[in-house]
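To keep things clear, I will list the structure first and then write my remarks on it.
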Amino acid sequence: MARALELAARGCGQVSPSPLVGCVIVGRGGEVVGEGFYLYERVKHAEVLALEQAGERARGGTAYVSLEPHSHEGRTPPCSDALIRARVARVVAAIEDPNPLVNGRGFEHLRGAGVEVLKGVLACEAARLNEKYIHALRTGRPFVHLKLAASLDGRIATRTGDARWITGEEARVRVHQLRREYDAILVGAGTATKDDPLLTDRSGLARRRPLVRVLLDERLSLTPASKLARTAREAPVMVITAATADPTRVAALEECGVQIVAEASGGRNLRAVLESLARHSIQSVLVEGGANAAGAFLRAELVNKVSFFVAPLILGGDAVGAVGGVGALTIEEAVKLRDVEIERHGHDVEITGYI
Ligand SMILES: NC(=O)c1ccc[n+]([C@@H]2O[C@H](COP(=O)([O-])OP(=O)(O)OC[C@H]3O[C@@H](n4cnc5c(N)ncnc54)[C@H](OP(=O)(O)O)[C@@H]3O)[C@@H](O)[C@H]2O)c1
């Protein structure tokens, strides 16, 4: 199963809105006879690719799959049928597929055909691997990962708004790898105005769909001269604004290829913003600040995962604090992380955890 999960991870950036899936077929003698993993563009599922490799040797063997095989007609015929036809004796799965079209039906179909089914092997690891897919299916909203670069004293910009660069080259390379895992990246209007960022995925790694750059901009302050607007035809830009936004400004941005999404709340209702992104087939969002956007997402309890890249420098004085809003009254009220992981990138430290 560990190998199936490793294979599944190879689809990173290339499966959304589908899940990452890996499969290993072990023959009757205990030898690996087939391996496969899913890529959206390749269409064929991990099980089918592994079965094709295994051929006759799959008969009487065991299929290890990182996710429940599907039993309905989708973009491909049911994988449960393929496993039954190949006469595998046993299917070992990590987790059920939360997709309502699957959700236990794949297992039922296999059992009904006399295939032994075992589930729950490396379940936590498998659920973590597909955390974005699972969250989006269960809630109807994208998975939200808040990422900020902060100084030792917890500031994300100097008192003049200068934030380039708080962290070093290695940490910035890591951030581009992180961007590749997400369907969308989001910032507040303050960041767009002060930094004029590009917000693209420059990991250099393959991705299936371009990273959608989302801006919370109730007052529609983005200009056609900004880097975001000027590159909107190369990589999508979506601006969430108010229904009352100035039609001349809307037209000028649309002329650049910017997609304007008018929200009744102007983007202040972040639950509605996320639901709107889900309707645009966005399953995961990396929120990259600034302080007010970060505070608003945390306050609305819409953040699933947090990464702070802490750099060994001190900004002091009136430098911009990492998270805006009123903040916690007591330590007891603080937003606390669990399953914390710490990694070093050059002189900087990445602290990641779940809320
Ligand atoms: N180190 C880092 O990781 C990092 C990352 C990003 C930014 N920064 C720095 O942070 C600073 C900008 O932070 P900021 O707090 O001023 O700006 P921000 O959080 O980027 O943007 C806040 C603005 O977004 C608009 N907005 C629309 N809907 C919103 C909502 N639901 N919640 C919150 N805001 C919403 C509002 O604009 P209106 O008030 O105009 O309506 C609000 O003032 C810059 O200096 C930038 O360099 C640092």
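We're numbering straight along the sequence, starting at 1. Each ligand, and each atom within it, is numbered from 1 in the order the structure gives. Bear in mind the structure is a predicted one, so any value in this text is a computation, not a measurement.
For ligand 1, the polar-atom distance check finds no N/O of Ala150 at less than 3.5 Å from any of the ligand's N/O atoms. Geometrically, ligand 1 and Arg268 share a nitrogen or oxygen pair separated by less than 3.5 Å. Below 3.5 Å of separation, one finds no N or O of Leu148 facing any N or O of ligand 1. Between Asp217 and ligand 1, a contact under 3.5 Å exists for no N or O pair. Annotation: Lys147 places no N or O atom under 3.5 Å from an N or O atom of ligand 1; distance criterion only. Checked by distance only, ligand 1 and Ala296 stay at 3.5 Å or farther apart across all their nitrogen or oxygen atoms. Checked by distance only, ligand 1 and Gly188 come closer than 3.5 Å through their nitrogen or oxygen atoms. Geometrically, ligand 1 and Ala189 share a nitrogen or oxygen pair separated by less than 3.5 Å. Looking at ligand 1, you'll find an N or O of Ala149 within less than 3.5 Å of one of its N or O atoms. Any N or O atom pair closer than 3.5 Å counts here, and Asp195 shares at least one such pair with ligand 1.
For ligand 1, the atoms sitting less than 4.0 Å from at least one non-hydrogen atom of Glu288 are 5 (C), 6 (C), numbered in the order shown with element in parentheses. Listed by number with element, the atoms of ligand 1 under 4.0 angstrom from any heavy atom of Lys194 are 16 (O), 44 (C), 45 (O). Numbered from 1 in the order shown, with element, the atoms of ligand 1 that lie under 4.0 Å from a heavy atom of Leu270 read 31 (N). Interface of Gly161 with ligand 1, defined as ligand atoms under 4.0 Å from a residue heavy atom, comprises 45 (O), 47 (O). Applying the 4.0 Å criterion to heavy atoms of Thr191 picks out, from ligand 1, the atoms 6 (C), 7 (C), 12 (C), 17 (O), 18 (P), 20 (O). When each atom of ligand 1 is checked for a heavy atom of Ile166 under 4.0 Å away, the hits are 1 (N). Ligand 1 places these atoms under 4.0 Å from at least one heavy atom of Ala157: 9 (C), 45 (O).
Of the protein's non-hydrogen atoms, the one nearest atom 21 (O) of ligand 1 is Gly190 N, 3.0 Å. Considering only non-hydrogen protein atoms, atom 19 (O) of ligand 1 sits nearest to Ala293 N, 2.8 Å. Protein heavy atom nearest atom 31 (N) of ligand 1, with residue, atom name and distance: Gly267 O, 2.8 Å. Among all non-hydrogen protein atoms, the one lying nearest atom 33 (C) of ligand 1 is Asn292 O, 3.7 Å. Nearest protein heavy-atom neighbour of atom 8 (N) of ligand 1: Ile156 CD1, 3.7 Å. The closest protein non-hydrogen atom to atom 18 (P) of ligand 1 is Gly290 N, 3.5 Å. Atom 25 (C) of ligand 1 has Leu216 O, 3.5 Å as its closest protein atom, hydrogens excluded (heavy atom only). For atom 39 (O) of ligand 1, the nearest non-hydrogen atom of the protein is Arg219 NH2, 2.8 Å.
Using a 3.5 Å distance cut-off with no hydrogens or angles, the side chains of Thr352 and Ser307 do pair a donor with an acceptor. Side chain to side chain, Gln259 and His280 meet the donor-acceptor criterion of an N or O pair below 3.5 Å. A side-chain donor from one of Ser80 and His109 sits under 3.5 Å from a side-chain acceptor of the other. Side-chain atoms of Thr241 and Arg249 include no donor-acceptor pair closer than 3.5 Å. With no hydrogens or angles considered, no side-chain donor-acceptor pair links Arg141 and Thr139 at under 3.5 Å. Using a 3.5 Å distance cut-off with no hydrogens or angles, the side chains of Thr160 and Asp162 do not pair a donor with an acceptor.
A salt bridge does not link Asp97 with Arg105: none of the charged nitrogens is closer than 4.0 Å to a carboxylate oxygen. Using a 4.0 Å cut-off between charged nitrogen and carboxylate oxygen, Glu170 and Arg344 do not count as a salt-bridge pair.
Within the 4.0 Å cut-off (strictly below), no protein heavy atom is located near atom 43 (O) of ligand 1.
Taking the side chain as every heavy atom from C-beta outward, Lys147 and Lys305 never approach each other to under 4.5 Å. Side-chain atoms of Val175 and Phe309, non-hydrogen and from C-beta on, do get closer than 4.5 Å to each other. Inter-residue side-chain proximity for Ile355 and Glu301 is flagged as unmet; no heavy-atom pair is nearer than 4.5 Å.
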Q) How far apart are the C-alpha atoms of Glu131 and Phe143, what are their side-chain angles, what is the distance that settles it, and do they pass the side chain to side chain contact (heavy atoms under 4.5 Å, CB included) test? A) CA-CA 8 Å; Glu131 60 193 8; Phe143 182 88; 3.6 Å; yes

Q: List the steps and the verdict of salt bridge (Lys or Arg N to Asp or Glu O under 4.0 Å) for Asp183 and Arg209.
A: CA-CA 7 Å; Asp183 290 341; Arg209 301 189 291 180; 3.3 Å; yes

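The shell of residues lying under 4.0 angstrom from ligand 1, judged by heavy atoms, excludes Val320.
No cation-pi contact links Arg138 to Tyr133, judged by a cut-off of 6.0 Å to the six-membered ring centre and 45° from its axis.
Applying the ring pair (Phe, Tyr, Trp, His ring centres under 6.0 Å) test to Tyr38 and every residue at least two apart in sequence or in another chain returns His45.
Contact detail for Ala113 and Ile84: the closest heavy-atom pair is CB-CD1, 3.5 Å.
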